[in-house]
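Computed from heavy atoms alone, side chains included, the values below leave out hydrogens, waters and symmetry copies. The model shown is predicted, which means the values in this text are computed figures rather than measured ones.
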Protein chains: 4
Amino acid sequence: MSGNTIGSLFRVTTWGESHGAGIGVVVDGCPAGLNMTREEIQKALDRRKPGHLLSETSRREEDQVEILSGVFENKTTGTPISLLIRNRDQESRAYDKLKELYRPGHGDYTYSMKYGIRDHRGGGRASGRETAARVAAGAVAAKIIGRFGMDVIAYTIMLGGIFSDQGKNINVSHEIVDATPLKCPDAEASLLMEKKLAAMREDGDTVGGIVEIVVRGCPTGLGEPVFDKLDADLAKALMGIGTVKGVEIGAGFDAAGKTGSENNDILTPEGYLTNHAGGILAGISNGNDILIRVACKPIPSIAKLQRCLDESGRAVEYAISGRHDVCVIPRIIPVCEAMVGIVLADHLLRIRAARI
Amino acid sequence: MSGNTIGSLFRVTTWGESHGAGIGVVVDGCPAGLNMTREEIQKALDRRKPGHLLSETSRREEDQVEILSGVFENKTTGTPISLLIRNRDQESRAYDKLKELYRPGHGDYTYSMKYGIRDHRGGGRASGRETAARVAAGAVAAKIIGRFGMDVIAYTIMLGGIFSDQGKNINVSHEIVDATPLKCPDAEASLLMEKKLAAMREDGDTVGGIVEIVVRGCPTGLGEPVFDKLDADLAKALMGIGTVKGVEIGAGFDAAGKTGSENNDILTPEGYLTNHAGGILAGISNGNDILIRVACKPIPSIAKLQRCLDESGRAVEYAISGRHDVCVIPRIIPVCEAMVGIVLADHLLRIRAARI
Amino acid sequence: MSGNTIGSLFRVTTWGESHGAGIGVVVDGCPAGLNMTREEIQKALDRRKPGHLLSETSRREEDQVEILSGVFENKTTGTPISLLIRNRDQESRAYDKLKELYRPGHGDYTYSMKYGIRDHRGGGRASGRETAARVAAGAVAAKIIGRFGMDVIAYTIMLGGIFSDQGKNINVSHEIVDATPLKCPDAEASLLMEKKLAAMREDGDTVGGIVEIVVRGCPTGLGEPVFDKLDADLAKALMGIGTVKGVEIGAGFDAAGKTGSENNDILTPEGYLTNHAGGILAGISNGNDILIRVACKPIPSIAKLQRCLDESGRAVEYAISGRHDVCVIPRIIPVCEAMVGIVLADHLLRIRAARI
Amino acid sequence: MSGNTIGSLFRVTTWGESHGAGIGVVVDGCPAGLNMTREEIQKALDRRKPGHLLSETSRREEDQVEILSGVFENKTTGTPISLLIRNRDQESRAYDKLKELYRPGHGDYTYSMKYGIRDHRGGGRASGRETAARVAAGAVAAKIIGRFGMDVIAYTIMLGGIFSDQGKNINVSHEIVDATPLKCPDAEASLLMEKKLAAMREDGDTVGGIVEIVVRGCPTGLGEPVFDKLDADLAKALMGIGTVKGVEIGAGFDAAGKTGSENNDILTPEGYLTNHAGGILAGISNGNDILIRVACKPIPSIAKLQRCLDESGRAVEYAISGRHDVCVIPRIIPVCEAMVGIVLADHLLRIRAARI
C-alpha cells in the first residue's frame with residue numbers, strides 16, 4: 001500500500017501532478033451493470049469549478065474528463081474504470097520563482113525531505129488539483145450508493161468565524177445547497193460570509209471554515225469492526241483531504257462534555273429520539289442519518305508578505321502574486337461528498353461478506 | 001481486509017470477545033533484532049488497569065500476557081508476535097438478562113443487524129476489553145519508535161466539562177502524567193475532575209472527556225500521500241477506538257476560525273515559530289511535535305433507568321446493576337498512546353521505501 | 001502485508017514456531033452464521049497426523065486445537081476466529097547441535113541472512129509444523145465452501161518415481177483416499193510406493209512426489225482478473241507450501257506441447273467435452289472441476305552424511321539422528337486441501353461484489 | 001483488492017480493454033530518485049511487438065506510451081507513475097460476429113457468467129493486449145532491480161514440442177536471446193521451431209511452449225514467509241498471465257522424482273554446488289540464480305472450424321478469419337520478464353523492513 005489508493009473492495013487510486021500532463025483515477029472494484037456516462041462524471045467535476053463572484057483562481061479549470069476503460073455501451077463491466085483529466089494550463093514558468101522556496105503551510109518542505117525531490121510546479125502532487133480525481137471517482141461511488149437509496153449532502157456551516165444557524169440545515173437538499181454561492185443553506189449567514197470573504201480579499205488574507213456532511217438513507221450494518229469501523233474509515237478519508245484538520249461524528253467534541261444520560265440515543269419502536277451518535281454505533285451504521293463535520297484550515301497561500309526558508313536553509317520573504325482563492329469553501333464541498341461516497345460504496349460491498 | 005487488522009507493514013490483528021476464552025493480538029511485520037520481554041508488554045497492560053479510588057469496574061482485570069511466538073531469547077525474530085491474554089473472569093450469567101436487550105449507546109443493535117447473531121456477554125467483540133490487545137501491540141510498537149527517538153504521551157485535558165490549563169501541559173512527561181489519578185498534568189483541574197467524577201457516581205451517570213496526545217522526536221518524512229497521510233492514518237486509528245467521536249490535529253477546529261496569516265507556521269533557520277499544523281504538513285511529518293486531540297463520549301452504561309428495545313422490537317426499561325466506570329478516562333489514555341504508536345511504527349517502516 | 005496473511009476477504013494469518021509455546025491462526029472475515037465446533041477443526045488436524053506404519057516423526061504430535069474467539073454457542077459470529085495449538089513437546093535440546101549449522105535444503109541460511117537472527121529449534125518458523133495452523137484454518141474454509149456445494153480432494157499420483165494410474169482416480173472420494181496409507185487411490189501403485197518408502201528408509205534417504213487436487217462443485221465465476229485470477233491465487237497458495245516446487249492447472253505443462261485444436265475444451269449444450277483448462281478460463285472458474293497438480297520435493301533432512309556450512313562459514317558434515325519422515329506425502333495432502341479451500345472461500349466472498 | 005493490482009509496496013494497477021480508448025497502468029510505490037525517460041519504457045514495449053516473419057497479428061501494434069505523472073525532469077518523484085497507451089486501431093466491427101459467441105479457450109463465457117456483461121470486442125479486458133501495460137510497468141521495475149545489480153532474462157526452451165538443448169542456455173544474455181526470432185538461444189532448435197510454426201500456420205492451428213526465466217544477481221533475503229514467499233509471489237505473478245498453465249521453480253516437477261540426497265543443494269565456502277532449489281529456500285532467495293519455467297498453452301483462436309455455444313446456449317460453429325499469431329511465444333517473453341521484475345522490485349522494497 002503505497003498511499004495513493006483508498007478502499008478495500010471499491011478501490012480508488014489517484015495519480016497526477018498539478019502541472020504535469022494530467023490527473024486521473026483508476027476505480028477498481030466497481031460492480032458490473034451500473035449505468036454510467038461521461039456526462040454524469042463531468043457534471044460532478046463541474047460542481048467543483050470555482051464560483052464566479054467570490055472566489056477565483058488564477059487559471060480557469062475547464063476540466064474535461066475522459067472514460068478510458070471499464071464502461072461499455074454506457075454500462076460498467078466490472079473491470080477497472082480509468083478516468084483522465086488533461087491539464088490544460090501547464091504554464092509552469094509562473095512557479096519558477098517558487099522553485100527554491102519552502103512555502104509556509106504547504107508540502108514543499110515535507111515532500112523535499114521525504115523524497116529528496118519534488119515537482120515544485122503548483123504544489124505538484126500536493127496540489128488541491130488532485131482532488132478533481134477524487135470527485136470523478138466520487139461520481140462513480142455515487143452511482144453505487146444511489147442504487148441503495150443513499151444520498152450524501154455537504155454544506156457550509158461556518159466560514160471565517162461566521163456560523164450558520166444549524167437549525168436551518170435540517171431540510172437541506174442538493175438544490176438548496178447548490179443554489180447558494182457558498183453552499184450554505186442559511187441565507188442570512190451566507191450573506192455575512194460573502195462579506196467576510198470580500199473583506200479578506202481586500203486584506204490579502206484567507207479564512208477557513210467548517211463543513212457538515214449528512215448521509216441519508218444509509219442502511220443498518222455498514223462498517224467493519226474493530227479497525228475498519230465506518231467512522232474510522234470516514235475519518236481517514238476526510239482527514240486525508242489536504243485542508244482538513246479535524247473530523248467529528250455526530251455530537252463530536254460536544255459529546256465529550258455531556259453525561260451518559262444526555263448523550264445516549266434512545267431507540268424506540270418509532271425510531272431514535274436523538275442522533276448524538278451521528279448514525280454510527282460501535283463502528284456500524286445504525287440506520288440513522290450519518291452526521292459528520294470537518295474543520296478546514298485557511299488556505300496558506302496569502303497575498304501578504306510572509307517569511308519562509310529556501311532550499312539552502314536561508315530565511316527569505318515571499319508573497320504570492322496573481323489571484324488566488326480566499327477560502328477553500330465552497331470548492332471543498334464536492335470533495336467531501338466524494339470521499340464520503342467512496343467510503344460508503346466500499347462498505348456497501350464489504351457488508352455482503354458479513355453473513356453466510 | 002476484514003476489519004480486525006490495522007497497518008500496512010507493521011500489521012496488528014486483534015481478536016477476542018469480552019467473555020470468551022481470551023483476547024489477543026498478532027503483530028506481523030515487527031522487524032527482527034529488537035529486545036523484547038514479556039515484562040515490558042505486561043507493564044504496558046498494567047497501566048490500563050482501573051485506578052483504585054475514582055473509577056472501578058465490576059471485575060478486577062488482572063491481565064497476564066503471554067508471548068506465544070515471534071520472540072526468541074528475548075529478541076524479535078521478524079516472525080509474527082502472537083500475544084495472548086486469558087479472560088480470567090468469564091462469569092457470564094450476569095449478562096444473561098441483557099441477552100435480549102439492545103442497550104443504548106452500545107453495539108448490541110448494530111452487531112445484531114449486521115451479523116444476525118452476537119455474543120451478548122459483556123458486549124462481546126465490541127467490549128472495551130478488546131483494547132487490551134491494542135495496548136499489548138502498542139508495547140511492541142513503542143519499542144520500534146523508541147529506537148528512533150520518538151515518544152508518545154497522552155493526557156487528559158478535559159473531563160466532565162472541566163478543562164485543564166493547557167499552558168501547564170507543555171512540559172508533560174510520562175512521570176508527571178502517571179503520577180496523577182486522572183492522568184491530567186494540571187493538578188488544580190485534576191482535583192475538580194475528581195470531584196466531578198464522585199458527583200456523577202452519586203448521580204448514577206457518566207461523563208466524557210478530551211485527551212491530548214503529543215509525539216516528540218518524530219523525524220521529518222513520515223506519511224504517505226495522498227490517502228495514507230500521517231494525519232489520515234492517525235485519525236482512523238483513533239476514531240476506531242469505540243469511545244472516540246472526534247479527532248483533531250494541531251489547531252484542529254480552531255484552525256477553521258483563523259486567517260491564513262494567523263494559522264501559517266513560519267519556518268525559520270531556528271525552527272518553526274508556531275505549531276498550528278500539529279507537526280504534519282501535506283500529510284507528512286514536518287519535524288515539529290505531533291499534536292492530536294480526541295473527544296471521548298460518556299460511557300453509555302449508566303445506573304439510571306433508560307428506555308431501549310429488546311430483540312423483538314418492544315420498548316423496555318433497564319438500568320445497569322453493579323459498579324461500572326464513570327468515565328473512560330483515564331483508562332483510554334494508554335489505548336490512545338498505543339494506537340498512535342502503532343501508526344508511527346508502520347510509517348517508520350514505510351518511509352524506508354520512499355527513496356531508491 | 002508482512003507475509004503471514006493470505007486472502008483478501010477471508011483472511012488467514014498464521015503464527016508460531018516449531019518449538020515455541022504454540023502455533024495458531026487468526027481467521028478473519030469468516031461470515032457469521034456458520035455452525036462450527038472444536039471437534040470439526042480437531043478432526044481436520046487429526047488427518048494431518050503421521051501414519052503409523054510407513055512414516056514416523058521423532059515426536060508424536062497430538063495436537064489439540066482450542067477455539068479462543070469468534071464462535072459463540074457453536075455458531076460463527078463474524079468476528080475473528082482465533083485458534084491455538086499448544087506445542088506439547090518443546091524439548092529443544094535435541095536441536096542444540098544444529099544451532100550453528102545451515103542445513104541443506106532448509107531455511108537456516110536464508111532466515112539468518114534476512115533477519116540476522118533465527119529460532120533454530122526444529123526449523124523455527126520455517127518448520128512444516130506451521131502447516132498445522134493452515135489445516136485448522138482450512139477446516140473453517142471447508143465449512144464455507146461446503147455450504148456452496150464445493151468439495152476439495154487431494155491424493156497422491158506419484159511418490160518416489162512411481163506413478164499411479166490416473167485413470168483410476170476419476171472417482172476418487174475422501175473415503176477412498178483416506179482408506180489408503182499413502183492417500184493414493186490406485187491400490188497397485190500404492191503398494192509399490194510403500195515398498196519404495198521402506199527401501200528409502202533403509203537407505204537413509206527421502207523421496208518426493210506429486211499430489212493432484214480436484215475441486216468438485218465449483219460454481220462459475222470465481223476469480224478476479226487480471227492479477228487475482230483464481231489459478232494465480234491457487235498457484236500462490238500452493239507454491240507457498242514449503243515443499244512445493246511446481247504447480248500446474250489442468251493439462252499444465254502438457255498443454256505446452258499440444259495444438260490449439262487439441263487443447264481447446266469444447267463447450268456443448270451438454271457441457272464441456274474435455275477439461276484441459278482445469279476448470280479455469282481467463283482466471284475465472286468455468287463450472288468444470290478444478291484440477292491442480294503440485295510437485296513436492298524430497299524432504300531435505302536425510303540420515304546420510306551431508307556437507308554444509310556453519311554460521312562462521314566453515315564447511316562441516318552432518319547427518320540427522322533420530323527418526324524422520326521419509327516423504328512429505330501423505331502428510332502434505334490435508335495441507336494442499338486446506339490451502340485450496342482457503343483460496344476458494346476467499347473468492348466465494350469476493351464474487352459477491354462483482355455485480356450491482 | 002479488486003484483482004487489477006499486484007504488489008504490496010511496489011504496486012502495479014493495470015486497466016483497459018482491447019478495443020476501448022486505451023490501456024494503461026499506474027505504478028505506485030516507485031521510489032523517488034530514479035532516472036526515467038519515456039524512451040526507456042517505449043523500448044520495453046517495442047520488444048513486445050510481433051516479429052516480422054513468423055508471427056503476425058491482424059493489427060499492427062505501434063504502441064506509443066505516454067508518461068502522465070510521477071516523473072519530473074526525468075526523475076521519479078515518489079508519486080504514482082501513470083502510463084497511457086492509446087488504442088490506435090479501435091476498429092471493432094470485425095468482432096461483431098463474435099459478439100454472441102462463447103469462443104473455446106477464451107474468457108467469453110466466464111466473464112459473461114461472472115459480470116452479466118462483457119466487452120466482447122477483441123476479448124475486452126481478457127485480451128492479451130492488457131499485457132502491454134504490464135510490460136510498461138516492468139520497465140519501471142527493471143530500473144529498480146537494475147540498481148541492485150539484478151537482471152531478468154527469459155527465453156524459449158520448448159515450442160510446439162521441440163525442446164532446446166538447455167545446456168546451451170547457460171550463458172544466455174539479452175543480446176543472444178533478442179538476436180533470435182523466437183528468442184531461443186539454441187540456434188539449431190530454433191530453426192526447427194520456425195519450421196514447426198510455418199507448418200502449423202499452414203494447418204490453421206496453433207502451438208504452445210515453455211519459457212525459462214533466470215534472474216541473475218539476486219541478493220540473499222528476498223521473500224516474506226510464510227505466504228508471501230518469493231516463489232509463491234512469482235508463481236502468482238506468472239500464473240496470472242492468461243496463457244500460463246504451469247509454473248515451476250528450480251528442478252520443479254523433476255524434484256518430485258529425486259531423492260533428498262540428489263536434490264539437496266550443498267553450500268560450500270565456494271558457493272552452492274547445484275541449484276535444484278532455483279535460488280529460493282524456505283521462500284527466501286539464497287543468493288543463487290533464480291530459475292523458473294512456465295508452460296504456455298496454445299493460442300485458442302485457430303483457423304480451423306470449432307464448435308462452441310452462443311449466448312442463448314445453442315451449439316454453433318466458428319472459425320477465426322484474418323491472420324492471427326500461431327504461438328504466444330516469443331511475444332510472451334517480455335511479459336514474463338516484466339512480471340518477474342515487478343515481484344522482485346516489490347520484495348526489494350519489502351526487505352527493508354525486515355530488520356530494525
Side-chain angles (χ1 to χ4, degrees), chain C residues 1 3-4 6 8 104-105 107 110 113-114 116 126 161 205-210 220-221 224-229 231-232 235-236 239-240 245-249 252-253 255-257 259-261 263-264 266-269 281-282 284 286 295-300 302 304 307 309 315 354-355, chain D residues 1 3-4 6 8 104-105 107 110 113-114 116 126 161 205-210 220-221 224-229 231-232 235-236 239-240 245-249 252-253 255-257 259-261 263-264 266-269 281-282 284 286 295-300 302 304 307 309 315 354-355:
Chain C
M1 303 171 189
N4 296 284
I6 195 163
S8 160
T110 52
M113 291 301 107
K114 184 179 184 78
D205 215 333
T206 59
V207 287
I210 299 177
T220 306
E224 302 291 323
V226 294
F227 294 117
D228 296 351
K229 285 173 171 151
D231 37 359
K236 172 168 177 164
M239 195 70 95
K245 297 303 283 184
V247 179
E248 55 181 12
I249 309 288
F253 277 85
T259 64
S261 60
N263 191 60
N264 283 345
I266 302 304
L267 179 57
T268 73
L281 265 180
I284 302 173
N286 67 5
C296 301
K297 71 175 187 180
I299 291 172
I302 59 176
K304 287 180 170 173
R307 282 185 290 165
L309 293 193
R355 301 192 194 186
Chain D
M1 301 169 189
N4 296 284
I6 196 164
S8 160
T110 52
M113 292 300 108
K114 183 179 185 79
D205 215 334
T206 59
V207 287
I210 299 177
T220 306
E224 301 291 323
V226 293
F227 294 117
D228 295 352
K229 285 173 170 151
D231 37 359
K236 171 168 178 163
M239 194 71 94
K245 297 303 284 183
V247 180
E248 54 181 12
I249 308 288
F253 277 84
T259 63
S261 59
N263 192 60
N264 283 345
I266 301 305
L267 179 56
T268 72
L281 265 181
I284 302 173
N286 68 5
C296 301
K297 72 174 186 180
I299 290 173
I302 59 177
K304 288 182 170 172
R307 284 186 288 166
L309 293 192
R355 300 191 194 186

Handout entry: Most chain C-contacting option - heavy-atom pairs closer than 4.5 Å, from D:Pro104, D:Gly257, D:Ala315
Key = D:Pro104
Exercise for the section: State, to 0.1 Å, how close C:Ala282 and D:Ala126 come at their nearest heavy-atom pair, and which atoms those are. Expected result: CB-CB, 4.3 Å
Completion exercise
Assert top hit (heavy-atom pairs under 4.5 Å, partner chain C, pool D:Pro225, D:Gly209, D:Gly208) equals D:Pro225
Handout entry: Heavy-atom side-chain proximity of C:Val226 to D:Asn4 below 4.5 angstrom
Key = yes
Fill in the blank from the handout: Across all chains, not counting sequence neighbours, the side-chain contact (heavy atoms from CB on, under 4.5 Å) partners of D:Lys114 are C:Glu224, C:Ile284, C:Ile351, C:Ala354
Completion exercise
Between C:Gly260 and D:Ile302, the two heavy atoms sitting closest are CA-CG2, 4.1 Å
Practice task
Please determine, among C:Asp205, C:Val207, C:Ile266, the option with the most heavy-atom pairs under 4.5 Å with chain D.
Solution key: C:Asp205
Handout entry: Donor-acceptor contact below 3.5 Å, side chain D:Asn264 vs main chain C:Pro300
Key = yes
Practice task
Side-chain contact test, heavy atoms from C-beta onward, threshold under 4.5 Å: evaluate it for C:Pro269 versus D:Leu309 and give yes or no.
Solution key: yes
Practice task
Side chain from CB out, backbone as N, CA, C, O: work out which of these in C:Lys304 comes under 4.5 Å of a heavy atom of chain D, or both, or neither.
Solution key: side chain
Practice task
Considering non-hydrogen atoms only, spot the tightest contact between D:Val247 and C:Phe253 and give its length.
Solution key: N-CE1, 3.8 Å
Handout entry: Test item: D:Thr110 side-chain N/O and C:Leu281 main-chain N/O as donor-acceptor pair under 3.5 Å
Key = yes
Fill in the blank from the handout: When the 4.5 angstrom heavy-atom criterion is applied to C:Asp231 and chain D, the contacting part is both
Problem - With C:Lys236 via salt bridge (charged side-chain N to carboxylate O under 4.0 Å, His left out) - residues at least two apart - result: D:Asp228, D:Asp233
Problem - Part of D:Lys229 within contact of chain C (heavy atom distance under 4.5 Å) - result: side chain
Fill in the blank from the handout: When the 4.5 angstrom heavy-atom criterion is applied to D:Arg355 and chain C, the contacting part is side chain
Problem - Residue among C:Ala256, C:Gly161, C:Gly221, C:Gly246 with most heavy-atom pairs under 4.5 Å to chain D - result: C:Ala256
Exercise for the section: Name the region of C:Ile299, side chain, backbone, both or neither, that has any atom closer than 4.5 Å to a heavy atom of chain D. Expected result: backbone
Handout entry: Interface residue of largest heavy-atom contact number with chain D, from C:Gly107, C:Gly116, C:Ala295, under 4.5 Å
Key = C:Ala295
